[in-house]
Colleague: 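Handing you this structure, nothing more for now.
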Number of protein chains: 4
Amino acid sequence: MSDREDQLVGEFPFIPRQERAQQKRKALLESGRILFTTKGYEHTTAKEIAAHAGVATGTFYRYFSDKRQLLMALLEDKIDQFLAPEPHWFCHDPVSLLASLLEAHVLRLNHSGLHRVLPEILSKDLDLAEVIQAARKRIHAKILSSLKQIHEKNLTWRDLDLDTVAWSIMMLFENSHKKAEQTGEKVNYREMAKVICRMIFPPHILDNFPDELK
Amino acid sequence: MSDREDQLVGEFPFIPRQERAQQKRKALLESGRILFTTKGYEHTTAKEIAAHAGVATGTFYRYFSDKRQLLMALLEDKIDQFLAPEPHWFCHDPVSLLASLLEAHVLRLNHSGLHRVLPEILSKDLDLAEVIQAARKRIHAKILSSLKQIHEKNLTWRDLDLDTVAWSIMMLFENSHKKAEQTGEKVNYREMAKVICRMIFPPHILDNFPDELK
Amino acid sequence: MSDREDQLVGEFPFIPRQERAQQKRKALLESGRILFTTKGYEHTTAKEIAAHAGVATGTFYRYFSDKRQLLMALLEDKIDQFLAPEPHWFCHDPVSLLASLLEAHVLRLNHSGLHRVLPEILSKDLDLAEVIQAARKRIHAKILSSLKQIHEKNLTWRDLDLDTVAWSIMMLFENSHKKAEQTGEKVNYREMAKVICRMIFPPHILDNFPDELK
Amino acid sequence: MSDREDQLVGEFPFIPRQERAQQKRKALLESGRILFTTKGYEHTTAKEIAAHAGVATGTFYRYFSDKRQLLMALLEDKIDQFLAPEPHWFCHDPVSLLASLLEAHVLRLNHSGLHRVLPEILSKDLDLAEVIQAARKRIHAKILSSLKQIHEKNLTWRDLDLDTVAWSIMMLFENSHKKAEQTGEKVNYREMAKVICRMIFPPHILDNFPDELK
DNA sequence: CATGAATGAGGCTTCATTCAT
DNA sequence: GATGAATGAAGCCTCATTCAT
């Protein structure tokens with residue numbers, strides 16, 4: 001933000017270079033996001049992004065070395081969002097917890113829409129594929145460790161294969177947005193959460209979550 | 001080589017046009033499949049496919065109107081495979097059933113590899129996206145109907161949301177191949193099957209599947 | 001050459017693929033040569049060369065990977081021509097010999113005109129610069145060895161620095177075409193040859209070239 | 001730094017506009033010279049020159065209408081240097097004279113390095129080509145007139161073609177720097193001078209230059 | 001005056017598709 | 001039918017030059 005913004009109201013609008021530039025950069029990012037998610041990555045050209053952002057083609061290249069770099073900038077720090085959040089089971093009501101996590105996750109996904117671009121690129125961009133792969137492993141490890149904690153407390157099915165459950169949870173999260181896309185209806189996150197919980201907890205635990213975790 | 005080649009010696013070599021043509025067509029399809037799954041759809045050119053199939057560029061266009069059509073021909077009748085098979089629960093051992101279904105599913109996927117091409121195209125090819133969507137709905141309906149049958153027989157959790165479970169099963173099937181890709185290890189289909197079964201059946205049913213269904 | 005060319009005269013003109021292709025390649029080379037020498041290398045675009053050759057832009061890239069490669073193809077085996085020929089002094093009349101060598105050299109240069117393109121590229125294309133440098137050393141060595149032979153026969157100035165003379169001869173050859181360009185008149189090669197001979201031979205040798213060399 | 005900076009301490013720093021401007025202009029010229037000679041004219045961008053000179057891109061265009069004009073400013077008054085100096089034969093030792101002229105010439109050339117840029121532009125810039133051409137004619141005329149003077153004094157070969165000799169001298173001067181570039185060694189200017197003198201003077205003159213010219 | 005962001009024409013190159021042979 | 005050369009539209013990117021601040 002400009003130093004001057006907190007000055008007198010009504011002053012002649014002055015936006016310093018950097019901020020203007022940042023605005024253009026942001027406009028380009030936003031245009032890129034919109035076009036990528038609308039038409040697909042390959043079918044979007046740098047020229048189009050620039051035009052959509054209201055700048056000349058050359059301006060695109062002032063801010064991004066190429067289309068890929070713009071995409072990377074869009075994905076930066078967002079990758080983990082596409083996968084799944086780490087659940088914390090220390091909660092008296094895992095169903096509600098998961099339901100809210102799911103909802104938040106789907107909202108995040110749909111906010112940027114970038115998750116729809118990923119599949120298109122992963123087959124061609126091995127670097128990015130590796131990054132995603134690594135992120136998935138990270139998330140998987142986190143979920144696994146969460147599961148271990150409750151498993152040690154005897155809260156789960158006794159013969160639970162934690163690795164498989166963790167992976168299943170991750171998959172259901174990653175694809176949770178597709179349900180709405182498919183049916184056109186609003187997703188019932190609570191029901192999804194119940195299904196997930198059933199994979200983990202025996203009914204007597206679910207029905208009466210132990211007080212010591214509250 | 002044609003089946004007819006081992007016919008009478010000295011006979012004028014006669015391979016019906018259609019058969020030769022079909023060979024070329026098949027070669028093109030196979031080359032397309034290999035290159036699409038290897039390098040991605042967009043990054044594969046018609047020329048490359050033709051070269052890989054050992055025919056001229058122009059020949060490609062005799063058999064296929066364009067690259068997209070070749071892909072469609074490849075996908076033809078295969079789309080359902082990418083999604084999930086319809087399970088039949090009338091079986092004394094649902095875990096084994098699902099495990100074998102899962103394994104067969106993953107083998108099918110990896111056999112053609114075409115499921116890796118789909119994500120790349122769906123964002124651009126709305127027609128195909130619709131086809132896939134329709135297929136998914138079909139599969140979903142089938143799984144749902146299967147679930148209904150066992151639900152009516154009181155074999156499942158009483159408060160099961162069949163729709164959500166059907167969808168979850170479908171997602172886990174659709175993505176089952178990713179686990180191997182991620183971990184590099186062989187997938188334990190039995191454990192995955194157990195997880196899925198847990199979503200459906202209460203333990204007492206699972207442990208002792210009723211005889212009347214055998 | 002086509003198999004059909006030795007067939008009946010008057011047959012429908014059929015030029016096989018390869019030959020046609022070679023014609024296009026030659027047309028592109030010739031167009032490249034003309035445009036390079038006319039407008040300069042940098043100021044000539046691949047598109048222009050293609051247009052001048054009467055083909056589409058893409059055709060250019062079927063025959064040449066880029067502009068540089070076309071130039072290299074033009075220069076191939078011509079580089080030595082731009083420098084200087086190796087004189088053979090075993091001749092009863094070195095002036096006439098040099099005069100004819102000079103004339104032939106200038107004719108060669110002006111035939112292709114490519115020597116005018118070289119200076120433009122040498123500063124940017126270090127690979128080519130090295131090739132030229134090597135060629136110059138080769139020529140220099142040849143001239144030097146020629147000079148040594150006549151020096152050993154006591155035909156030259158006694159205190160001749162052969163290296164410097166060889167180099168001077170090479171420079172005068174390399175630049176001989178510029179005289180015509182500058183004055184607009186026809187060059188008097190004989191006078192130039194006399195000047196060169198003066199650098200090498202004392203007058204009594206020049207006036208009466210020894211018989212044993214005839 | 002300005003000459004005025006060492007003036008009175010505490011004085012308001014006053015550097016006249018023109019002087020500052022001249023500093024920038026000089027910096028741009030110097031940066032242009034360095035980059036042109038290093039990377040070639042076409043491969044140097046205005047932005048680069050400005051950056052190298054530590055000014056903004058736009059500033060470049062305040063001082064020079066374009067890249068070409070900067071080059072012209074660099075060449076201004078230097079063109080004659082690239083060609084050859086006018087020798088004055090009224091000297092008791094023409095070899096030494098020419099040797100020192102040659103050395104001075106090569107030093108001048110290498111000082112700016114701009115002679116390496118010329119070839120690149122001549123093919124495209126007909127105006128400059130004409131300027132150079134004119135300069136060459138001027139130099140040629142001067143050398144010719146020098147030669148005439150000594151020719152009239154019977155100091156030269158009797159059958160000297162003055163025009164050709166003048167032109168040869170000019171060529172050897174113009175290209176004298178190349179010898180060092182090629183061999184990597186230091187040039188022996190004296191030997192070069194001897195070669196040139198041999199083109200002009202008969203041995204008895206060279207060995208015993210007449211006193212009346214001293 | 002200085003700045004450097006913005007412009008957009010223009011060069012390079014690829015590739016889906018056509019078509020003469 | 002088969003061939004593969006030819007096409008040219010379209011994408012990528014650079015850079016000389018302008019202009020608002």
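So that the names make sense, note that chain A is the first sequence line, chain B the second, and so on, each numbered from 1. Keep in mind that the numbers below use all heavy atoms, side chains included, and drop hydrogens, waters and symmetry copies.
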Colleague: What is the separation between atom CD on A:Gln23 and atom P on E:dA5, rounded to the nearest whole Å?
Modeller: 14 Å
Colleague: If we count only N and O atoms by modelled type, under 3.5 Å, do the side chains of A:His43 and B:Glu42 hold a donor and an acceptor together?
Modeller: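 On atom types as modelled, these side chains qualify, holding a pair under 3.5 Å.
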Colleague: Roughly how many Å is it from CD in D:Glu48 to C1' in F:dC15, rounded to a whole number?
Modeller: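 After rounding, the reported distance stands at 10 Å.
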Colleague: Whole-Å distance between E:dA6 P and A:Arg25 CZ?
Modeller: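 Distance check: A:Arg25 CZ to E:dA6 P gives 13 Å.
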Colleague: Looking at every strand, decide which applies to D:Thr45 at a 4.0 Å heavy-atom threshold: base, sugar-phosphate, or nothing.
Modeller: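 Touches sugar-phosphate only.
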Colleague: Can you tell me how far P of F:dC15 sits from CD of C:Glu42, to the nearest Å?
Modeller: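 Nearest whole value for this atom pair: 11 Å.
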Colleague: Look through every strand shown and name the nucleotide pairing with E:dT13 as Watson-Crick or G-U wobble, where both distances are under 3.5 Å.
Modeller: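 Check on E:dT13: paired to F:dA10, both distances under 3.5 Å.
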Colleague: Against B:Arg33, only a single residue in B:Leu75, B:Ile49, B:Leu114 fulfils side chain to side chain contact (heavy atoms under 4.5 Å, CB included); can you say which?
Modeller: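 Result: among B:Leu75, B:Ile49, B:Leu114, B:Leu114 is the only option passing the side chain to side chain contact (heavy atoms under 4.5 Å, CB included) with B:Arg33.
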Colleague: Quick check on DNA chain F: between B:Val55 and C:Thr57, whose nearest nucleotide comes earlier from the 5' end?
Modeller: B:Val55
Colleague: Check whether NZ of the Lys or CZ of the Arg D:Lys24 lies under 6.0 Å from the centre of the six-membered ring of D:Tyr63 and within 45 degrees of that ring's axis.
Modeller: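 Judged by the rule, D:Lys24 and D:Tyr63 form no cation-pi pair.
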Colleague: Once you round to the nearest 0.5 Å, how far does CG of B:Leu122 lie from CG of B:Asp127?
Modeller: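 Between B:Leu122 CG and B:Asp127 CG, I get 11.5 Å after rounding to 0.5 Å.
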Colleague: Does E:dT21 have a Watson-Crick or wobble mate here (both distances under 3.5 Å), and if so which one?
Modeller: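 In the structure as shown, E:dT21 has F:dA2 as its Watson-Crick or wobble partner.
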Colleague: Take a 6.0 Å sphere around NZ of B:Lys26 and say whether it holds more than 12 heavy atoms from other residues, nucleotides or ligands.
Modeller: no
Colleague: Compare every heavy atom of D:Pro119 with every heavy atom of D:Arg116, then report the nearest pair and how far apart it is.
Modeller: O-CD, 3.6 Å
Colleague: With the threshold set at under 4.0 Å for non-hydrogen atoms, list the residues of residues 58-75 of chain B touching DNA chain F in residue-number order.
Modeller: B:Gly58, B:Thr59, B:Arg62, B:Tyr63
Colleague: Would the number of heavy atoms belonging to other residues, nucleotides or ligands and lying under 6.0 Å from NZ of D:Lys47 be above 12?
Modeller: no
Colleague: What integer distance in Å separates B:Lys124:NZ from E:dA16:C1'?
Modeller: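 Whole-Å distance recorded here is 15 Å.
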Colleague: Rounded to whole Å, how long is the line connecting atom CD of B:Gln22 with atom P of F:dA2?
Modeller: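 So the CD-P distance, B:Gln22 to F:dA2, works out to 11 Å.
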Colleague: Just N and O in the side chain of A:Lys47: are any of them under 4.0 Å from OP1 or OP2 of F:dC12?
Modeller: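 Negative; the distance criterion is not met.
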Colleague: Using the side-chain heavy atoms of D:Ala56, tell me which of these nucleotides is nearest: F:dC13, F:dT3, E:dG4.
Modeller: E:dG4
Colleague: Should C:Lys24 be listed as having a side-chain N or O under 4.0 Å from OP1 or OP2 of F:dA6?
Modeller: yes
Colleague: Write down the distance between NZ (D:Lys39) and C1' (F:dC15), rounded to a whole number of angstrom.
Modeller: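 In whole Å, F:dC15 C1' lies 12 Å from D:Lys39 NZ.
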Colleague: What is the separation between atom CD1 on C:Ile49 and atom P on F:dG8, rounded to the nearest whole Å?
Modeller: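 Whole-Å distance recorded here is 18 Å.
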